[in-house]
Protein chains: 2
Amino acid sequence: MPPYEPSAYPPFAVTVDLVVLTVRRHALSALIVRRGEAPFQGRWALPGGFVREEEDLSEAAARELAEETGLHAHGPVEEDTPAHAAHLEQLATYGDPKRDPRMRVVSVAHLVLAPDLPAPRPGGDVGGARWAPVETLVGPADDDEEHPPLAFDHRRILADGVERARSKIEYSSLATAFCPQEFTVGELRRVYEAVWGVALDPRNFHRKVTGTPGFLLPTGGTTTRQGGRPAQLFQAGGATILNPPMLRPEV
Amino acid sequence: MPPYEPSAYPPFAVTVDLVVLTVRRHALSALIVRRGEAPFQGRWALPGGFVREEEDLSEAAARELAEETGLHAHGPVEEDTPAHAAHLEQLATYGDPKRDPRMRVVSVAHLVLAPDLPAPRPGGDVGGARWAPVETLVGPADDDEEHPPLAFDHRRILADGVERARSKIEYSSLATAFCPQEFTVGELRRVYEAVWGVALDPRNFHRKVTGTPGFLLPTGGTTTRQGGRPAQLFQAGGATILNPPMLRPEV
DNA sequence: CCAAAAGTGTTCATTTTACACCCATGT
DNA sequence: ACATGGGTGTAAAATGAACACTTTTGG
């Protein structure tokens, strides 16, 4: 390739797309927005948008997240951790030349894990936003209102994000990102059960998570919000890598 | 692209950068090339280049790999697996607005794992290519010929690639990508030892890898190329995910 | 009282680790 | 003969899985 006139290399548009996951009513759910513009106007899609001229990729992802949902995020990169921010990390980049019918668009997908939230507050240029259980989005496309086919290659991106979340909660403390700041062992267990889609033994789970150094930090309080005997409250301990890991039961 | 004038979004250049790893003389080593052009002219860097107009990201990575090293690659995506291809997967994307002094460049880094090779055959517009042990590249930059500081943010990219390889050989069969098509259990063990930088018990290692279903497939042959008693030859079995995983000893 | 969820103890099976020992080749 | 790496046996220790049982609340 000849030196470096801007015309010497192909121009691309670069976007960020967001796989925003939460656990709602025992189901792993993703945030989807209704597109207000062509292409795929009126179709559901992952939130996202163009990266700006002077913006890093993770900044763009955090900005789009705030614009379209009102959520604040922190990733492994930033040092400040506002009390109740969601987890943000880069997922993968999608650059099929035909993935956007308009032009060549490379999309850097990000994964956001958030606690269960009040209804999403859509903003910007999206026509609506809602949580949908991931099985209704990555399963067979029935094309009704409960199984809307996603725009672009967003179904694939979502599937990759879900797979990442499923495997990452095994060996990291990321499952706590789905919990409120203070949570019980039972609530954390229901996160694992929802994300993996399996039932876990409450007794062995309790021993395991409380015995993994750095995973959980007791806050001293208790709650009975789940009914039954009062449960101790915990917050996420400092550890990011779990040793030993949580083992996902065989399929 | 009617509704979308190109001026409505910022134009980016998109490149692929390659973290090409191999195990040479018991050391995990990376492929670096000497830059023939500004910026960072004469400095060592990761191989890479611009993505073309009609090319997917993994195609661009495979093309650059072939152009600059003569290696052929196959990823999890492509179905054809030419007899002796290197493993290729996407690593991460780097888009700091200041990472390239010329203009806004987003680089999609890829990770390539290859068996030990004859001296790399540089091609294209690079001034030279060599293997360097990764410690000499990601450690403190002494700025001599043995510890050359890499161009751009390539030291960070390399570090991320090395970390990915180190963790991924734990739970996947990827370590076999560092071996020739036929290899012995001892050769595979030396791969783990080099990548992790630890010593492993040869006897327990042997039992473990031969007992993990789908990891190794005996070819029937034997070799004495390592000296001592003849060793059975294996090739990679079909499995990609190891169950149980190889456990990296504690630090 | 009962139901529900939290949490503890105990037992058995499996896996990991450490290391003694034998095997088959080259020199 | 002996050095070198390949490979098996075995027993102790650590871990994981199953499940009986107790605790503390709300209704």
Side-chain angles (χ1 to χ4, degrees), chain A residues 23 25-26 169-171 179-180 182-194 196 198-213 215-235 241-251, chain B residues 23 25-26 170-171 179-180 182-194 196 198-235 241-251:
Chain A
V23 174
R25 300 193 231 99
H26 289 206
I169 64 173
E170 274 193 275
Y171 56 89
C179 294
E182 286 198 335
F183 55 89
T184 71
V185 171
E187 288 163 350
L188 182 62
R189 175 170 49 80
R190 282 180 276 277
V191 164
Y192 276 92
E193 291 178 331
W196 285 343
V198 298
L200 300 174
D201 185 299
R203 301 155 293 187
N204 291 334
F205 183 88
H206 185 280
R207 220 190 328 262
K208 178 121 193 189
V209 294
T210 56
T212 298
F215 195 3
L216 298 184
L217 197 63
T219 65
T222 62
T223 183
T224 60
R225 60 183 173 227
Q226 302 290 341
R229 166 175 168 180
Q232 282 183 263
L233 285 168
F234 295 87
Q235 55 187 226
I241 294 190
L242 297 187
N243 198 318
M246 303 297 298
L247 289 182
R248 186 177 181 174
E250 307 293 314
V251 281
Chain B
V23 174
R25 298 194 229 99
H26 288 207
E170 275 193 272
Y171 57 89
C179 294
E182 287 198 335
F183 54 89
T184 70
V185 171
E187 288 163 350
L188 182 63
R189 176 171 48 82
R190 282 180 277 277
V191 164
Y192 275 92
E193 291 179 330
W196 285 344
V198 299
L200 300 174
D201 185 302
R203 299 155 295 186
N204 291 334
F205 183 88
H206 185 282
R207 218 188 331 257
K208 178 119 192 188
V209 295
T210 54
T212 298
F215 195 4
L216 298 184
L217 196 64
T219 65
T222 61
T223 183
T224 59
R225 60 184 175 228
Q226 301 289 342
R229 167 177 167 180
Q232 282 182 262
L233 285 169
F234 295 87
Q235 56 185 224
I241 292 189
L242 297 187
N243 199 322
M246 303 298 297
L247 288 181
R248 187 177 181 174
E250 306 293 311
V251 278

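By convention in this document, chain letters (A, B, ...) are assigned in the order of the sequence lines, proteins followed by strands, and residues within each chain are numbered from 1. FYI, side chains are in, hydrogens and waters are out, and symmetry mates aren't considered; it's all heavy atoms of this structure.
Inter-residue side-chain proximity for A:Leu188 and A:Leu216 is flagged as met; some heavy-atom pair is nearer than 4.5 Å. In this structure, the side chains of B:Met246 and B:Tyr171 stay at 4.5 Å or more apart for every pair of heavy atoms. For the pair A:Arg190 and A:His26, the minimum side-chain heavy-atom distance is below 4.5 Å. Counting heavy atoms from C-beta outward, A:Phe215 and A:Thr210 have side chains that stay 4.5 Å or more apart. The side-chain heavy atoms of A:Trp196 and A:Ile169, taken from C-beta on, include a pair separated by under 4.5 Å.
Here the side chain of A:Glu182 pairs no donor or acceptor atom with the backbone of A:Thr219 at under 3.5 angstrom.
Taking each heavy atom of B:Val191 and B:Cys179 in turn, the nearest pair found is CG2-SG, 3.8 Å. Of all the heavy atoms in B:Gln232 and B:Pro218, the pair that sits closest is NE2-CB, 4.3 Å.
In this entry the distance linking CZ of A:Arg203 with C1' of D:dG16 reads 14 Å, nearest Å. Per the geometry, NZ belonging to B:Lys208 stands 18 Å off C1' belonging to D:dG7, to the nearest Å. Look at CG on A:Asn204: it is 13 Å from P on D:dA20, rounded to the nearest Å. At whole-Å resolution of the value, NE2 in A:His206 and P in D:dA17 are 17 Å apart. Here the P atom of nucleotide D:dA17 and the CG atom of A:Leu247 are 6 Å apart, to the nearest Å.
Along DNA chain C, the nucleotide nearest B:Arg207 and the nucleotide nearest A:Phe234 are compared for position; the residue whose nucleotide lies closer to the 5' end is A:Phe234. Nearer the 5' end of DNA chain C, as judged by each residue's closest nucleotide, is the contact made by B:Pro244, out of B:Pro244 and B:Asp201.
Each of A:Thr222, A:Val185, A:Thr184 was evaluated against A:Leu233; a single residue qualifies, A:Thr184, per the side chain to side chain contact (heavy atoms under 4.5 Å, CB included) test.
Shown for residues 184-193 of chain A: no residue has heavy atoms falling under 4.0 angstrom of DNA chain D. Residues from residues 219-233 of chain B that place a heavy atom under 4.0 Å from any atom of DNA chain D, listed by number: B:Gln226, B:Gly227, B:Gly228, B:Arg229, B:Pro230, B:Ala231, B:Gln232.
A distance below 6.0 Å separates the ring centres of B:Phe205 and B:Tyr192.
You can see that DNA chain C meets the heavy atoms of chain A within a 4.0 Å-exclusive cut from C:dA4 to C:dT10, reading 5' to 3'.
In this structure, NE2 in B:His206 is found 12.0 Å from CG in B:Asp201, a value given to the nearest 0.5 Å.
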